[in-house]
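Please read the structure below before turning to the comments.
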Amino acid sequence: MDKYAKRKYILGAIFALIAIVFIVRLFSLQVLDSSYKKYATRNVLRPVINYPARGLIYDRNGELLVYNKAAYDLLVTPREVSPFDTTQLCSILKIEKEELVKELKKARKYSRYKPSVIVKQLSPEMYAMLQEKLYKYPGFFVQTRTLREYAHPIAAHMLGYVGEVNQSQIDKDSYYSQGDYIGITGIERAYEKELRGHKGVSYFLVDVHNRLKGAYNEGKNDSAAVLGNNLTTTIDAKLQAYCELLMQNKRGAVVAIEPTTGEILCYYSGPDYDANLLVGRERSKNYQILLNDTLKPLTNRAISAAYSPGSTFKTINALIALEEETISPQTTFVCHGPGTKPISCTHHHESPISLIGGIRESCNPYFWNTFRSIIGKYPKAEDGYNKWREYVMSFGLGQKLGTEFYGESSGNIPQSAYYDRFYGAHHWNALTVRSLAIGQGEVIVTPLQMANMVSVIANRGYYIDPHIVRSVTDPDNNVHKLEFDRKDCLVHADKFEKVIEGMQAVVDQTNTRYTAHVEGIEICGKTGTIQNSHGADHSAFIAFAPKDNPKIAIAAYVENGVWGARYAAPIASLMIEKYLTDTITAPNRKAKEKEMIEANLLNPNQKK
Amino acid sequence: MASRNNIWANLDWLTIGLYVLLVFLGWINIYAAVFNEEHSSILDMSQRYGKQLIWIIAAFALAGVLILIDSKFYVSFAFPIYIVTILMLVAVLLIGSEVKGAKSWFQIGGFAFQPAEVSKLATALALAKFTSSYNFKIERIQSIMAIGAILVIPVALIFLQNDTGSALVFAVFSLVLYREGLSGVILFLGLLIAIVFILTLILHPLITISIITVSAIVVYYFINPKFVLSLKAIGISASIFMTFWLTNTLLRLNIDTNKIILISAILASCIFCVYALRQRLSQLLLVIGVYLALVFITFSVDYVFNNILEPHQRARIEELLGIKSDPLGVGYNVNQSKIAIGSGGLYGKGFLNGTQTKFNFVPEQSTDFIFCTVGEEWGFVGTTTVILLFLGMLIRLIFLAERQRSVFSRVYGYSVACILFFHLAINVGMTIGLAPVIGIPLPFFSYGGSSLWSFTILLFVFLRLDASRTEMLSY
């Protein structure tokens, strides 16, 4: 009746066949093959991460700035732990018993299979002592890491520091796992992917007594760590160190750029800190101290400070007016000295005064008239203002300059809409916003932007994006030079000469000559004294040298430096002298150097 | 009504005995697997072994209830149960919650329920109902299509839930259909496709194609046992391939070797087709058809493997076939599971003396990898005993299915046997590295109420049908 009935035998045979295959396989696994028993007694497959050394960082002349030193972390795999002498372990590690118990609990909560760090960065002595006793503590093992070490205590803000990854970084990039290091600020952060290299992993067999039984599978599953790439920065370590010496006990920032390449020669924010403080076991303690310091040493003023450019900005207004042809080098304006309306002059000089004289004497009325002529060229104030703003922005102001600078502020060159909101549309004009004529008011710049602005003047009309890293060298010694864009300013090259002559006159002819003039070097500069309602005014100075084929452009900003020529000008000029001639020799210059080094401007209540 | 009173006597107590034994063994192995010194009582309700006891008691109660239900209920309600299950599968896609990447659970308070578990029962009932209808003839294309639809709908829905393991179980219904007259050629083709798939992943396509070609010629020889003709076939195939290959090499056409093989295979097949038609060798045509299909499959394996499978599924297959090895990643479970089972030896380390499973080396050790505990603590003796117990139950189920007088009960009985078989084969197979890691439980053994209950229902519905087999003549 059922012609397929015989198929029950085939189905039964299939069932039986699979059962037989399983039994044969189990016989071979359990009875014939003894290797699994061996595995079971050495039962732990322990992955040990091979951490690559982070890339080294050099200065522009090949001087080593950052390297690595070995450190040892104590790790634990909770499921392998068996009862042990906690008191002895604590005495080796020099920690409290409660802390150990707490860390163990935390590790168990994280994972019973995966190792967690119990104590970070053991000292070499601790490591030596622990290595002998480790057999008593099943589940514990030591892993070698590298920590950053700084050859010189300089350029902390530029270099940045390294710390442990947090959970959101782990979630964002699967490369990282708990306890890994990552660049947090500075170029450690910006070049994290270059510097970090690539982790490797080795698998070891460990027996129940925590004894290493050799490599798993003859190391066939292991991978080696790949070293991080080395960076060659554009910093001149000598100039940087000299700058830090001059700027000690002062608040402010100094940025120096090689104008033709955009390479940053010196990058300082004061007060700063020794980068070695933010390394190793003391890191978090020191970090808290630095964070709570009222002088804010962790703040990178070079890229994040909101400074008014003050009179240094007058050079820009002059250049815009020349390009817009609302003034010529011969145009003169009348100045009545301190009584001049709407902006008074702070100096006594001849009147009427022309462009070069206006810059030399930093004549406020001259630049008010200049500014008014630009805005007034257009029928509507906002059109004039927008044109003016377009020019200003082309000097690299009011925008971020590079991706390398973590925490960079873009400064502020307000849009006309800002004034519309503030005063109402069409209810403002050049007079309303007159403080822009002399670099006060809403215009905000960072020291980096100021240095870049000087580069534009030094280059007569362009800048290369300012940068700190020149090239990346991989472990095979292939050098990859980084490329940076050239940005042209809206003011043409021929307009610059008269302004530059004015800047040379500032250094050679005014009182500034006593603090900034250097025999044999044609320095062009402009001082700025920035009004400060909280204490002594700030001192600013921008300069480049030599006048032809400039090699260095610099912006110095010294908070509470009283006036431009008082601190910023001598510091900047000493640095120019040091960079170009490698030494300070003249007795008056030596004296100036000593005076700058000794000056302490950190007392916030200090008066003029 | 008289028979109703004899229900308990008519039950197959041998199967029930095997069932109770397996459930009990599962329970003590769960106890060993998650044994915790602080909670050493096997009745401790805060631990998995305590909870499993509750599931077991509930399962026994459930079995009792199922036996009390009239067997006609399952016949009459086979389709409604199937339709409700399909609706639940749709609903879970819309409002279900996700567990381990599979959107296949209804979460009601603390109680979680997986419709895919019920869908095995429902599909078995629907299949039994349909195959037992008068107009069903396995040779008819409409019948095959309808069966295809009954199977494909739940499979597709379960695939959409991302629960590949549960979906694969449905493949085993092909064995049930085979018993009901499905051509053995289809099963054989399925087997061939699986072999070609594996060969292509391990070997170069060129070698796979060569093996297929040689096999085809050997088969051809058996169909038409003339040695000279087979030699001719080899000669024709080889010369077509060589012609293309030499043309390509000499003229530097840079055509991909794979394409040359494909063109050669098609061309040679065309010639044989003409020959087969002239000589009226219909079997030869079949061989050529199968041959060409396998060649195409060889070329599509890479595509299927790389584009249709999920990365973790690819990795598990690669690990199984030894293409890639990653003992701490994908291969971790299987590697640790093999160590645990292998270290058990002949007699095992003894109850509660396992070290590998005890220290949580094997993940999922109380659910999918429960067989490890058996292997480690009871050794080869224990594993063999468990496998033989399962085999005994399967053979018994075949015996029971064959003694049914209705097609409905027989088909359902075979479905139960085959579903249990598939779970056994895949679950044990994966713990000893013979099957890819597919997260499906070992029937009656693995921890968890959902799986224990669904296997209990599956089995006891059949035992109920069997108990009243004498009443079922009308079906």
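Note that the coordinates shown come from a computational prediction; the quantities given were computed from them, not determined experimentally. In what follows, chains carry the letters A, B, and so on, assigned in the order in which the sequence lines appear, proteins first and then strands, with residues in each chain numbered from 1.
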Measure the spacing between CG of A:L11 and CZ of B:F421 and express it to the nearest 0.5 Å.
9.0 Å
For A:L26 and B:F371, what are the C-alpha separation, side-chain angles and deciding distance, and is it a side-chain contact (heavy atoms from CB on, under 4.5 Å)?
CA-CA 12 Å; A:L26 284 163; B:F371 196 68; 4.1 Å; yes
What do you reckon, is CD of A:E132 surrounded by more than 12 foreign heavy atoms closer than 6.0 Å?
no
Would you say the side chain of B:Y414 lies within less than 4.5 Å of the side chain of A:K8, judging by non-hydrogen atoms?
yes
Counting only non-hydrogen atoms closer than 4.5 Å, does A:L32 touch chain B with its backbone (N, CA, C, O), its side chain (CB onward), both, or neither?
neither
Chain A contact via B:A401 - side chain, backbone, both or neither, heavy atoms under 4.5 Å:
neither
Select, from B:L424, B:L394, B:I341, B:L388, the one with the greatest count of heavy-atom pairs under 4.5 Å involving chain A.
B:I341
With a 4.5 angstrom heavy-atom cut-off, could you sort out which part of B:F422 is near chain A: side chain, backbone, both or neither?
neither
Pairs meeting criterion salt bridge (Lys or Arg N to Asp or Glu O under 4.0 Å) with involvement of residues 173-182 of chain B, two or more places apart:
A:D2-B:R179, B:R179-B:E402, B:E180-B:R410
Could you list all the salt bridge (Lys or Arg N to Asp or Glu O under 4.0 Å) pairs where at least one residue sits in residues 12-28 of chain A, not counting sequence neighbours?
none
Is it the side chain or the backbone of B:L182 that comes within 4.5 Å of chain A heavy atoms, both, or neither?
backbone
Should we count CD of A:Q167 as having more than 12 external heavy atoms under 6.0 Å?
yes
If you draw a 6.0 Å radius around OH in B:Y347, do more than 12 non-hydrogen atoms from other residues or ligands fall strictly inside?
no
Here's a test for you: under side-chain contact (heavy atoms from CB on, under 4.5 Å), which of B:L391, B:I387, B:T383 qualifies with A:F22?
B:I387
Can you confirm whether more than 12 heavy atoms, excluding those of A:K120, are under 6.0 Å from its NZ atom?
no
How many angstroms lie between CZ in A:F15 and CG in B:L175, if you round to the nearest 0.5 Å?
6.5 Å
Answer yes or no: does atom CZ of B:F188 have more than 12 heavy-atom neighbours from other residues, nucleotides or ligands under 6.0 Å?
no
Give, for atom CG of A:L29 and atom OG of B:S343, the distance between the pair rounded to the nearest 0.5 Å.
10.5 Å
